[in-house]
Protein chains: 2
Amino acid sequence: MGEILNISRKEQIVDRAAKLFKQKGFAATSMRDLAAELGIEAASIYYHFKSKEELLEKVCFDMADKFITNAREVNDIYFNAEEKLRMAIKFHIETITENQNQSSVFLSEWRNLSEPKLKLFRQLRQQYENQFTIILADGEKEDIFDDVDKKFAVLSILSTINFINEWYKVSLIRLCMISV
Amino acid sequence: MGEILNISRKEQIVDRAAKLFKQKGFAATSMRDLAAELGIEAASIYYHFKSKEELLEKVCFDMADKFITNAREVNDIYFNAEEKLRMAIKFHIETITENQNQSSVFLSEWRNLSEPKLKLFRQLRQQYENQFTIILADGEKEDIFDDVDKKFAVLSILSTINFINEWYKVSLIRLCMISV
DNA sequence: CCCATTACCTAACGAATGTTAGACAAATGT
DNA sequence: ACATTTGTCTAACATTCGTTAGGTAATGGG
């Protein structure tokens, strides 16, 4: 089997891993659990990944990359701060709803990472939050936003959006999709 | 040593357990971790509690009890729906900030419970949410609140308040305490 | 003074965990 | 046709896990 199927299989494993990590938590998910989900033996996973933690890293850092790329794109393309904030939130919501399992892992299971990856992850998350801080600061300069505690404001915004993760079910897609 | 010290020791164990469960997660916390935190051997914990899960149950159900008691008290004492909501939120915030470790476990680690306790826990949480739903329904009858999707509204309110858990540090007590 | 209780200890158990080694069949390339 | 790569398997490993059994000081009431 060639490179294409290899990639696809790896992605399938990561996908199922994210599903289980969300469902039971990273620590409570065993490699045998994951293997059973895939219909193979635990040892077989090690042909594709070198450790359980590597699976967690893949999910966490892939999502971090998605979020950061989106936010940077917003800050590059749009000019108006209100428009920027609107788009940043829209992208964030889309990323969450389109990757529910991986998002849950990104939001809750990252603390199971061990150093030095844990530190790196924290930095990336900070970078993402910084993109929002920049937008708020821009808006203040443009006199569209009030002068607020930006660190607090960003955390408020994100935690409010991330709440989606607790009630959003795929079956409701576009039933109550927020129009932006 | 008498009953008083016994209770105190049990409470100390639960307290440290909650701290570790919040820090590392329930599944990632071993009885040996907890014992080390207490300066004793893992086996000694079993003199006070019959299993690791019992510790989780104690934290989860004690907190559930606190939340429900508060909410019922609010619904019993106050008459105006707006006042009720205000007080319910105030009590919720106080309970969270005064029991940060236990609250985190209540909010995130409860899923590590196994049946039938898991089902019972879900029911208690539902009961708590119902108290908020009642308040919103009262307010609607009193024409102070709009007719909204109450289930969604309650989840929104709670998730917004619970966000406190992610930024609140004891060192900031009363520095930015929300006045209600 | 003795006995029961309290709160801990050491030692060990079986089960589950993450992971490795090595074999094997199927597919692929030459 | 043969050799290699790919993806899986079985078997086993060392470690860690939750938990139990049994022992041992210290405490305190009769």
Side-chain angles (χ1 to χ4, degrees), chain A residues 1-21 23-60 105 109-118, chain B residues 1-21 23-60 105 109-118:
Chain A
M1 298 179 183
E3 182 76 356
I4 291 162
L5 188 53
N6 180 24
I7 286 176
S8 151
R9 186 53 157 167
K10 282 189 83 165
E11 278 173 357
Q12 190 190 357
I13 294 175
V14 172
D15 188 69
R16 297 303 178 116
K19 179 188 163 193
L20 290 186
F21 292 168
Q23 219 170 72
K24 322 173 53 171
F26 173 76
T29 303
S30 74
M31 293 299 268
R32 286 167 179 85
D33 288 338
L34 176 55
E37 183 82 15
L38 291 159
I40 59 177
E41 294 299 314
S44 304
I45 300 171
Y46 288 84
Y47 175 76
H48 305 277
F49 296 93
K50 71 175 202 294
S51 71
K52 183 186 174 187
E53 172 135 4
E54 200 192 0
L55 286 166
L56 180 61
E57 289 166 6
K58 185 95 174 76
V59 176
C60 288
V105 175
E109 300 299 323
W110 57 268
R111 66 193 170 133
N112 290 287
L113 291 168
S114 39
E115 300 292 0
K117 296 283 180 177
L118 181 59
Chain B
M1 299 181 182
E3 183 73 358
I4 291 163
L5 188 53
N6 180 26
I7 287 176
S8 151
R9 186 54 160 165
K10 281 189 84 164
E11 278 173 356
Q12 191 190 356
I13 294 175
V14 172
D15 188 68
R16 296 302 178 115
K19 179 190 163 191
L20 290 186
F21 292 168
Q23 220 170 73
K24 322 174 53 173
F26 173 76
T29 303
S30 74
M31 292 299 267
R32 286 168 178 86
D33 288 337
L34 176 54
E37 183 82 15
L38 291 158
I40 58 177
E41 293 299 313
S44 305
I45 300 172
Y46 288 83
Y47 173 77
H48 304 277
F49 296 93
K50 70 176 203 294
S51 70
K52 183 187 175 188
E53 173 135 4
E54 200 192 0
L55 286 166
L56 180 61
E57 290 167 5
K58 185 92 174 75
V59 176
C60 288
V105 175
E109 299 300 322
W110 57 268
R111 64 189 173 139
N112 290 287
L113 291 167
S114 40
E115 300 293 358
K117 297 284 182 177
L118 181 59

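Lettering of chains follows the sequences in order, A, B, ..., and the numbering in each one begins at 1.
In this structure, the CZ atom of A:Phe26 is 10 Å from the C1' atom of C:dG18, given to the nearest Å. Rounded to a whole Å, the CZ atom of A:Phe49 is 12 Å from the P atom of D:dT8. Residue B:Leu38 contributes atom CG, which lies 9 Å from atom P of C:dC8 at whole-angstrom precision. The separation between A:Ile13 atom CD1 and D:dT8 atom P is 7 Å, rounded to whole Å. Atom-to-atom, NZ of B:Lys52 to P of D:dT20 comes out at 15 Å; the value is rounded to the nearest Å. Atom CD of B:Glu54 is separated from atom C1' of D:dT19 by 13 Å (rounded to the nearest Å). Atom CE of A:Met31 is separated from atom P of D:dT16 by 18 Å (rounded to the nearest Å). In this structure, the CD1 atom of A:Ile40 is 9 Å from the C1' atom of D:dG7, given to the nearest Å.
In this structure, CG in B:Asp15 is found 11.5 Å from CG in B:Leu55, a value given to the nearest 0.5 Å.
The side chain of A:Tyr46 approaches C:dT19 more closely than any other nucleotide in the set D:dG18, C:dT19, D:dT10. Picking from C:dT10, C:dT19, C:dG18 the nucleotide with the shortest atom distance to the side chain of B:Ala43 gives C:dT10. Taking the side chain of A:Glu41 as heavy atoms from C-beta on, and the options C:dG18, C:dC9, D:dC9, the nearest nucleotide is D:dC9.
Both tests hold for B:Lys10 against B:Phe49: distance to the six-membered ring centre under 6.0 Å, angle to the ring axis within 45°. Cation-pi geometry between B:Lys52 and B:Phe26 is met: the NZ or CZ atom falls under 6.0 Å from the ring centre, inside 45° of the normal.
Across all strands shown, A:Ser44 has heavy atoms under 4.0 Å from base atoms, whether or not it also approaches the sugar-phosphate.
Within the 4.0 Å cut-off from OP1 or OP2 of C:dC8, at least one side-chain nitrogen or oxygen of B:His48 is found. In this structure, A:Arg9 does not reach the D:dT6 phosphate: none of its side-chain N or O atoms is under 4.0 Å from OP1 or OP2. Taking 4.0 angstrom as the limit, B:Tyr47 places a side-chain polar atom (N or O) nearer than this to OP1 or OP2 of C:dA7.
For B:Arg32 against D:dG18, a side-chain-to-base donor-acceptor contact under 3.5 Å is present.
Here the shortest heavy-atom pairing between B:Ile13 and B:Leu34 reads O-CD1, 4.1 Å.
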One pair to check against side chain to side chain contact (heavy atoms under 4.5 Å, CB included): A:Arg9 and A:Leu38. What are the steps and the verdict?
CA-CA 10 Å; A:Arg9 186 53 157 167; A:Leu38 291 159; 4.2 Å; yes
